[in-house]
Amino acid sequence: MNRGVAPVTYGQGERPPRGDYARARADYTCEQDQSQYGPADHATYKRLYLRQLQQLPGRACDEFIAAVDQLGTPDRIPSFDDISERLYPATGWQIVGVPGLIPEEAFFSLLASRKFPVTDWIRTPEEFDYVVEPDIFHDLFGHVPLLFNPTFANYMQAYGAGGMKASRLDACELLARLYWYTVEFGLIQTPLGLRAYGAGILSSAGELQYSLTSSEPKRLAFDLRRLMRSRYRIDSYQAGYFVINSFDQLFEATEPDFTPVYLQVREAIALSGEIAAGQALAGEVEFSPSVNPG
Ligand code: PHE
Ligand code: FE
């Protein structure tokens, strides 16, 4: 019953897409093709996993560290079904395979039904330090541990439902900024200092340290409307991060209907413009970098 769907590319779409979209169902999900993984792929996964794991103490938030073992042994690329067997009882989420990036609407509707799409291919050894599109390591290691946290799991579902509405309101670009600055690149303030919870940070060899300790980027308190006015970078470490106090704060701030929020943000942009990545406005208080993580 695999009909195949049109491939999706990132950015300007000049590069040929990665991944085999002919295998995908109409909702863009596909079986995880285990036969595509050879010994070198399992070895790449294990090296990536262990490199990130040793960096987590003092840098990743507790909720992430508490759940990272749920991915199973790092010795081989995990089976999505095995992870779902542990995840579903915990928060009602499941992992589903996809051939790569998928269209916004398909993505939103999977999240809204508590299904997290994970790319089933892994980067090549040449891409060990940097891969342009998200691969299985980013998707699993970066995103899946926090899906074991009930509050964060609820936030992700609400985001999906919000995305379906944003599509109708033509507000996907504003909503995408929320995803970027929280789910991908979020920082959280804890009694022991700043920690990372964003998947883009947690799956990155260099940005985990940079995001917390570098004096270059701006670290500002999470503010929904301000964040939606803020541009972001997709091709380098972030120039700015937003810091939440708790996942409860994040969930509560995003719970109200965004219909009026989008209007207010558009008005602010029309009046004062967008805010460049890494720009702080007059009077904005910056969080200090961490001095001694770990
Ligand atoms: N409350 C948001 C809306 O009405 C839905 C949402 C929740 C969006 C959480 C993002 C994150 O659109
Ligand atoms: Fe991601």
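The chain is numbered in sequence order, starting from 1. Reckoned from all heavy atoms, side chains included, excluding hydrogens, waters and symmetry mates. All ligand and atom numbering here is 1-based and tracks the order in the structure.
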Charged tip of R47 within 45° of F128 ring normal and under 6.0 Å:
yes
Only to 10 degrees, please: what angle do the NE2 atom of H143 and the NE2 atom of H138 make about the Fe ion (ligand 2)?
90°
Heteroatom of E184 nearest to the Fe ion (ligand 2) (N, O or S, atom name):
OE2
Geometric class of the Y179/Y159 ring pair [parallel <30°, tilted 30-60°, perpendicular >60°]:
tilted
Starting from the N and O atoms of ligand 1, collect every protein N/O partner closer than 3.5 Å and put each pair on its own line with the distance to 0.1 Å.
from, atom 1, to, atom 2, distance (Å)
ligand 1, 1 (N), T254, O, 2.6
ligand 1, 1 (N), E255, O, 3.1
ligand 1, 1 (N), P256, O, 2.6
ligand 1, 4 (O), K165, NZ, 2.5
ligand 1, 4 (O), F258, N, 2.8
ligand 1, 12 (O), K165, NZ, 3.4

The Fe ion (ligand 2) to nearest N/O/S of D139 less than 2.8 Å:
no
Report the residues that fulfil ring pair (Phe, Tyr, Trp, His ring centres under 6.0 Å) with Y241, sequence neighbours left out, ordered by chain and then residue number.
none
Under 4.0 Å between a Lys/Arg side-chain N and an Asp/Glu carboxylate O for E274 and R177?
yes
Describe, in one word, how the ring planes of F152 and Y197 are oriented to each other, choosing from parallel (under 30°), tilted (30 to 60°) and perpendicular (over 60°).
perpendicular
For A276, does its backbone N or O pair with a side-chain atom of R231 as donor and acceptor, under 3.5 Å?
no
Pair Y88 + W93: ring centers closer than 6.0 Å:
no
